[in-house]
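For clarity, every value in this text was computed on a predicted model and none was experimentally measured.
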Amino acid sequence: MSQTSSSELSPPAGRRAELAHNLVGVTSRIAAACAAAGRDVTEVTLVAITKTWPAADVRLLAELGVTNFGENRDAEAAPKAAASADLRITWHFVGQLQTNKARSVARYADVVHSVDRPHLVRALAAAARGARRELTCLVQVSLDGDPARGGVPIEGAKDIAQAIEAETGIVLGGVMAMAPLGMVPAEAFAPLRRCSLAIREVRPDATIISAGMSDDLEPAIEAGATHVRIGTALLGARRPPVR
């Protein structure tokens, strides 16, 4: 597992101002999208995706009022979460997850967005029980059926939801999706409300719809997203991965 160096905890001069500027821009976009969709801005949670960025940025964003953070690689997420353990924040694991990483992820993640197969459900549940924690799990659905991006076909989402609901240690939270490359985001996200309703037949309070990133948060909010996962628009162009 990678270690967090002292340099990773010391932000460069001007970084706080840069992040504050970007945060104003992102929150303004979210507010405008909510207004256009006739929704209250409090219905949408910003998840700051800090992959490739140091733990220092997590601290700066937390100072600026951000409380939800996401990562997609356990090797990067685990040390970053450890370095931020004193902060009152929520960690989201948003990437494709192998079952052999479930035990590590269960130690720090509060929400796992990428649950798409029964074996992973069982692994996360066992890991959560072993860690004496409770994880919120979202069913990742594929909007185009491409298995390379992860996700279960929409018609199979309810089966995964039922598998989550049958376990202890994990709680069904809702659904997650990404707009496939080459598809118009508004069209890609159109099935999400229907999929969410199917999930809520299994657990009525599983209301999370995690969708939308820097380039497509507006159509995601129009389609009912409750959580938007924002990296580049908030932190800047992606750097080489933190080692």
Side-chain angles (χ1 to χ4, degrees), residues 11-72 77 80-81 84 87-95 110-111 113-114 136 138 140 143 173-193 195-196 207-239 242:
R15 182 57 168 162
R16 190 181 195 280
E18 179 185 2
L19 291 176
H21 174 79
N22 292 348
L23 180 59
V24 169
V26 169
T27 54
S28 296
R29 286 177 62 190
I30 292 172
C34 287
R39 300 179 60 191
D40 193 296
V41 71
T42 60
E43 297 176 18
V44 178
T45 296
L46 166 64
V47 181
I49 304 300
T50 52
K51 62 183 181 181
T52 78
W53 294 98
D57 282 353
V58 175
R59 290 189 170 275
L60 289 175
L61 286 169
E63 290 174 9
L64 293 167
V66 178
T67 57
N68 288 264
F69 293 84
E71 290 282 337
N72 73 337
K80 201 175 295 184
S84 310
L87 301 178
R88 300 187 66 177
I89 60 179
T90 298
W91 279 105
H92 300 249
F93 189 88
V94 302
D110 302 290
V111 187
H113 290 230
S114 48
T136 296
L138 310 185
Q140 181 180 352
L143 298 177
V175 64
M176 184 273 262
M178 295 181 286
L181 297 174
M183 288 186 70
V184 177
E187 296 175 2
F189 292 138
L192 282 179
R193 279 197 176 93
C195 187
S196 178
T207 57
I208 294 175
I209 300 177
S210 171
M213 297 187 287
S214 294
D215 292 337
D216 56 19
L217 71 85
E218 287 87 359
I221 288 172
E222 174 66 29
T226 64
H227 289 61
V228 291
R229 310 179 303 272
I230 308 301
T232 301
L234 183 57
L235 289 115
R238 193 176 304 169
R239 310 189 318 166
V242 174

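- Each of Val228, Thr226, Ile209 was checked for a side-chain contact (heavy atoms from CB on, under 4.5 Å) with Val44, and the lone residue meeting it is Val228.
- Closest non-hydrogen pair, Gly173 versus Thr136, comes out as CA-CG2, 3.6 Å.
- Taking every heavy atom of both residues into account, Ile221 and Ala33 meet most closely at CD1-CB, 3.8 Å.
- Looking at heavy atoms from C-beta onward, Leu87 lies in side-chain contact with Arg59 at the 4.5 angstrom threshold.
- Applying the salt bridge (charged side-chain N to carboxylate O under 4.0 Å, His left out) test to pairs two or more places apart or on separate chains, those with a residue in residues 29-43 are Arg29-Glu218, Arg39-Glu43.
- For His227, there are no ring-ring contact (aromatic ring centres under 6.0 Å, His included) partners two or more places apart in sequence or in a different chain.
- Across Ile89 and Val58, no two heavy atoms sit closer than the pair CD1-CG1, 3.8 Å.
- Partners of Val24 according to the side chain to side chain contact (heavy atoms under 4.5 Å, CB included) rule, which considers only residues two or more places apart in sequence or in another chain, are Ser28.
- Within the 4.5 Å cutoff, the side chain of Val41 has no heavy atoms near those of the Thr27 side chain.
- Under the side chain to side chain contact (heavy atoms under 4.5 Å, CB included) criterion, Thr90 pairs with Asn68, His92, Asp110, Val111, sequence neighbours left out.
- Here the CH2 atom belonging to Trp53 is positioned 9.0 Å from the OG1 atom belonging to Thr232, to the nearest 0.5 angstrom.
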Identify each donor-acceptor pair in which a side-chain atom of residues 181-192 lies under 3.5 Å from a protein atom, sequence neighbours left out, and give them as a table.
none

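- Counting only residues at least two apart or on different chains, the salt bridge (charged side-chain N to carboxylate O under 4.0 Å, His left out) pairs with a member in residues 14-26 are Arg15-Glu18, Arg15-Asp57, Arg16-Glu63.
- Nearest heavy-atom pair across Ser214 and Ile230 is OG-CG2, 3.6 Å.
- Residues forming a salt bridge (Lys or Arg N to Asp or Glu O under 4.0 Å) with Asp216 (at least two apart in sequence, or on another chain): none.
- Side-chain contact between Leu217 and Ile30 is present, with at least one heavy-atom pair separated by less than 4.5 Å.
- The CG atom of Leu46 lies 6.0 Å from the CG atom of Leu234; values are rounded to the nearest 0.5 Å.
- Every side chain to side chain donor-acceptor pair (under 3.5 Å) that Glu71 has, sequence neighbours left out, goes to Thr50, Lys80.
- In this view, Ser210 and His113, Arg229 satisfy the side chain to side chain donor-acceptor pair (under 3.5 Å) rule, not counting sequence neighbours.
- A heavy-atom distance below 4.5 Å is found between the side chains of Leu235 and Leu61.
- Looking at every heavy atom in both residues, Ser84 comes nearest to Ala55 through OG-CB, 4.4 Å.
- In this structure Phe69 satisfies the ring-ring contact (aromatic ring centres under 6.0 Å, His included) test together with Trp91, sequence neighbours excluded.
- Residues forming a side chain to side chain donor-acceptor pair (under 3.5 Å) with Asn22 (at least two apart in sequence, or on another chain): none.
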